[in-house]
Amino acid sequence: MTVRNLACVVGARPNFMKMAPLLRALEAYPHVRTTLIHTGQHYDASLSDVFFEELGMRRPDVSLEVGSGKHGAQTARILERMEATLEQGPAGGGRFDRLVVVGDVNSTLAAALAAAKLLIPVAHVEAGLRSFDRTMPEETNRIVTDAISDMLLVSEPAGVENLRREGRPDDAMHLVGNVMIDTLRHLLPVARQKDILPRLGVEPSAFGFVTLHRPSNVDDPATLSRLLSVLNECAQKLPLIFPVHPRTRSKLENFRLTTPVGKSGGLRLVEPLGYLDCLALTSQAKVIVTDSGGLQEESTALGVPCLTLRENTERPVTVDEGTSTLIGNDADKLERCLAQVLDGRYPAGRCPDLWDGRAAERIAAILAK
Ligand code: UD1
């Protein structure tokens, strides 16, 4: 069989758990060779290295080390360095037959653009998701990436509907399920062995898990301070563990909203967590309060109530079938839903079709054809 050279790109934290199962599934096809490229959008050990270790993913073959910056500058740096890397081709010679990108971060968009300009076909894993909210940087990334990808690998039915509405042909789309849930199912037994609950002094089902990093929630001092006071209020009833993203930490410091990392009432700010500690906590939490797209999906797969601090979602299946409720930054609604959770009245969800731990196998079969 003719060798197929795939350039596989990761850049930011949520990319790693999507790419790891795919690289593993592609190993079943000896004619497929993968080059793993890390843009370096995320570079802190706690946002990057720990994921490679815990997910059992090989070190990147190429590191672009772009670092942080404004959107334009960061995207431009990735575009320039990615173009050079793609032009150079795989280490064993020849050219790249295809680029594979995942998710909706700046690295996804910039890598896809570099490939499209070099006429290298692009496969987008997690295609078709739309929040219809152009104030989210990820929405622009999704729309542009899909527009220049010829292979659209979709995680939930809404993605197919969105792409059809945008005039994309059916033969470009494949409803394959959710690769992030592959990683969750694969590593849940390992995560359950971690001792993070006793280390944080919490009991299973007797704490909540909080994350917050969207610009719409953390960039404005009034919004962030209001959310924190609601969370502090909730934490009087249920201890809340809050691993703080570096972006959120710097805002807390700039706005002088920070209490030292550690105990402050029941709201406990801790350093960013690795994948396994995070999964150990989310899978045993009473409730998750978050603005993360990934956690909306993971909570749905785990059957844990998820109060989503966003006005909209590009992942509607997590609301329609799963355990997520959109709260926006409505403090009263958050309190009402939290009371439902604590009283055992919060409605149960179901796990969406094809979120079965085998999405990467389906994608690998399509890529290897
Ligand atoms: C990015 C993604 C977002 C994803 C999130 C997960 C985009 C537009 N956003 O947001 O979709 O949900 O990752 O974490 O791509 N920083 C560090 N160390 C790092 C990386 C960043 O301290 O290793 C700090 C820097 O101050 C940086 C800021 O975090 O400016 C924001 O990082 P950036 O990658 O631009 O966006 P995220 O907010 O992480």
Salt-bridged, Glu139 to Arg142, with N to O below 4.0 Å? yes
Start with the C-alpha distance between Asp330 and Arg336, add both sets of side-chain angles, then the distance that settles salt bridge (Lys or Arg N to Asp or Glu O under 4.0 Å), and finish with yes or no. CA-CA 10 Å; Asp330 180 342; Arg336 275 200 311 280; 5.1 Å; no
Atom OG of Ser149 and atom CG of Leu99: how far apart are they, to the nearest 0.5 Å? 8.5 Å
With Arg59 as the cation and Phe52 as the aromatic partner, state whether NZ or CZ is under 6.0 Å from the six-membered ring centre and within 45° of the axis. yes
Within the supplied structure, the quantity of interest is the number of heavy atoms (other residues, nucleotides, ligands) at a distance under 6.0 Å from Glu166 CD; does it exceed 12? yes
Whether the side chain of Thr323 engages the backbone of Gly303 through a donor-acceptor N/O pair (distance < 3.5 Å, no angle test) should be reported. no
Are Arg13 and Ser48 close enough, and set up right, to give a side-chain hydrogen bond (donor to acceptor under 3.5 Å, both in side chains), and what steps lead you there? CA-CA 6 Å; Arg13 183 169 61 178; Ser48 179; over 6 Å; no
Checking the side chain of Glu297 only, and the main-chain atoms of Gly293 only, is there a donor and an acceptor separated by less than 3.5 Å? no
Look at the side chain of Arg164 and the backbone N and O of Gly159, then say whether any donor-acceptor pair between them is shorter than 3.5 Å. no
OG1 (Thr145) and NE2 (His124) are apart, to the nearest 0.5 Å, by 5.5 Å
Passes salt bridge (Lys or Arg N to Asp or Glu O under 4.0 Å), Asp219 versus Arg247? Steps please. CA-CA 9 Å; Asp219 283 6; Arg247 176 192 187 89; 2.9 Å; yes
Listing request: all ring pair (Phe, Tyr, Trp, His ring centres under 6.0 Å) pairs with a residue in residues 177-222, at least two apart in sequence or in separate chains. His213-His245
Test side-chain hydrogen bond (donor to acceptor under 3.5 Å, both in side chains) on Asp44 and Ser46; report intermediate values, then the result. CA-CA 5 Å; Asp44 277 3; Ser46 64; 4.6 Å; no
What do the steps show when you test Ile143 against Arg130 for side-chain contact (heavy atoms from CB on, under 4.5 Å), and what is the final call? CA-CA 8 Å; Ile143 292 169; Arg130 299 287 180 268; 3.7 Å; yes
Hey, could you give me the OG1/CG distance between Thr75 and Leu113, rounded to the nearest 0.5 Å? 9.5 Å
Taking a hydrophobic cluster as the set of Ile, Leu, Val, Met, Phe, Trp and Tyr residues connected by side-chain heavy atoms closer than 4.5 Å, whether directly or through intermediates, do Val179 and Met17 fall within one such cluster? yes
Could you pull out the closest heavy-atom pair between Leu129 and Ser155, with the gap in Å? CD2-OG, 4.0 Å
Any non-hydrogen side-chain atom of Leu238 less than 4.5 Å from a side-chain atom of Val341? no
Test side-chain contact (heavy atoms from CB on, under 4.5 Å) on Thr183 and Tyr275; report intermediate values, then the result. CA-CA 10 Å; Thr183 295; Tyr275 182 78; 3.5 Å; yes
Evaluate salt bridge (Lys or Arg N to Asp or Glu O under 4.0 Å) for Arg315 paired with Glu156, printing each intermediate quantity in order. CA-CA 8 Å; Arg315 295 163 161 88; Glu156 62 169 279; 5.9 Å; no
Would you please test Asn217 and Leu224 for side-chain contact (heavy atoms from CB on, under 4.5 Å) and show each step? CA-CA 6 Å; Asn217 282 331; Leu224 181 56; 5.9 Å; no
Would you check if the distance from the ring center of His38 to the ring center of Phe16 is below 6.0 Å? yes
Under a 4.5 Å cut-off applied to non-hydrogen side-chain atoms, are Val317 and Thr300 in contact? no
Would you name the heavy atoms of Val125 and Val100 that are closest together and state the gap between them? CG2-CG1, 4.2 Å
Indicate the atoms forming the closest heavy-atom contact of Asn141 with Val105, along with that distance. ND2-C, 3.3 Å
Give the C-alpha distance, both sets of side-chain angles, the deciding distance and a yes or no for side-chain contact (heavy atoms from CB on, under 4.5 Å) between Thr308 and Thr313. CA-CA 9 Å; Thr308 302; Thr313 179; 5.7 Å; no
Do NZ/NE/NH1/NH2 and the carboxylate oxygens of Asp182 and Arg358 come within less than 4.0 Å? no
Quick one: does any side-chain atom of Asp277 pair with a main-chain N or O of Leu273 as donor and acceptor, under 3.5 Å? no
Starting at CG of Leu109, measure out to NE2 of His71 and round the result to the nearest 0.5 Å. 11.0 Å
Is it true that Val319 and Val287 fall in one hydrophobic cluster, defined by side-chain heavy atoms closer than 4.5 Å? no
Closest approach of Leu367 to Arg98 (non-hydrogen atoms, all atoms of both residues): CD2-CD, 3.6 Å
Atom pairs and distances, donor-acceptor, side-chain atoms in residues 19-37, under 3.5 Å, two or more places apart:
from, atom 1, to, atom 2, distance (Å)
His31, NE2, Ala368, O, 2.9
Thr34, OG1, Arg58, NH1, 3.2
Thr34, OG1, Arg58, NH2, 3.3

Leu79 reachable from Val66 in the ILVMFWY side-chain graph, under 4.5 Å edges: no
Output side-chain donor-acceptor pairs under 3.5 Å for residues 81-93, partner residues at least two apart or in another chain, one line each.
from, atom 1, to, atom 2, distance (Å)
Arg81, NH1, Leu64, O, 2.8
Arg81, NH1, Glu65, O, 3.1
Thr85, OG1, Arg81, O, 2.9

Salt-bridge contact Glu138-Arg134 (side-chain N to carboxylate O under 4.0 Å): no
When rounded to the nearest 0.5 Å, the distance separating CG of Leu295 from OG1 of Thr318 is 11.0 Å
Taken to the nearest 0.5 Å, the spacing of Asp104 CG from Met136 CE works out to 7.0 Å
Verdict with reasoning, Thr282 to Glu298, per side-chain hydrogen bond (donor to acceptor under 3.5 Å, both in side chains): CA-CA 8 Å; Thr282 52; Glu298 289 169 337; 5.5 Å; no
Determine whether more than 12 heavy atoms belonging to other residues, nucleotides or ligands lie under 6.0 Å from atom NZ of Lys117. no
Tested for side chain to side chain donor-acceptor pair (under 3.5 Å) against Ser107, the lone hit among Gln41, His42, Gln74 is Gln41
Given 3.5 Å as the limit, does a donor-acceptor pair link the side chain of Lys333 with the main chain of Leu326, or not? yes
What heavy-atom pair brings Ala285 and Ile288 nearest, and what distance separates the two atoms? CB-CG1, 4.5 Å
Please give me the minimum heavy-atom distance between Ser68 and Arg77, naming the atom from each residue. O-NH2, 2.7 Å
Salt-bridge contact Arg350-Asp320 (side-chain N to carboxylate O under 4.0 Å): no
Joint cluster assignment, Val176 & Leu354, ILVMFWY side-chain distance < 4.5 Å: no
Look only at the side chain of Asp343 and the backbone of Arg345, and say whether a donor-acceptor pair between them is shorter than 3.5 Å. no
Examine distances only and state if a side-chain atom of Asp195 and a backbone atom of Pro198 form a donor-acceptor pair shorter than 3.5 Å. no
Is there a path of hydrophobic side-chain contacts, each under 4.5 Å between heavy atoms of I/L/V/M/F/W/Y residues, joining Leu6 to Ile148? no
Could you tell me whether a side-chain N or O of Glu233 sits under 3.5 Å from a main-chain N or O of Ser229, the two making a donor and an acceptor? no
Salt bridge or not between Arg310 and Asp291? Use side-chain N to carboxylate O under 4.0 Å. no
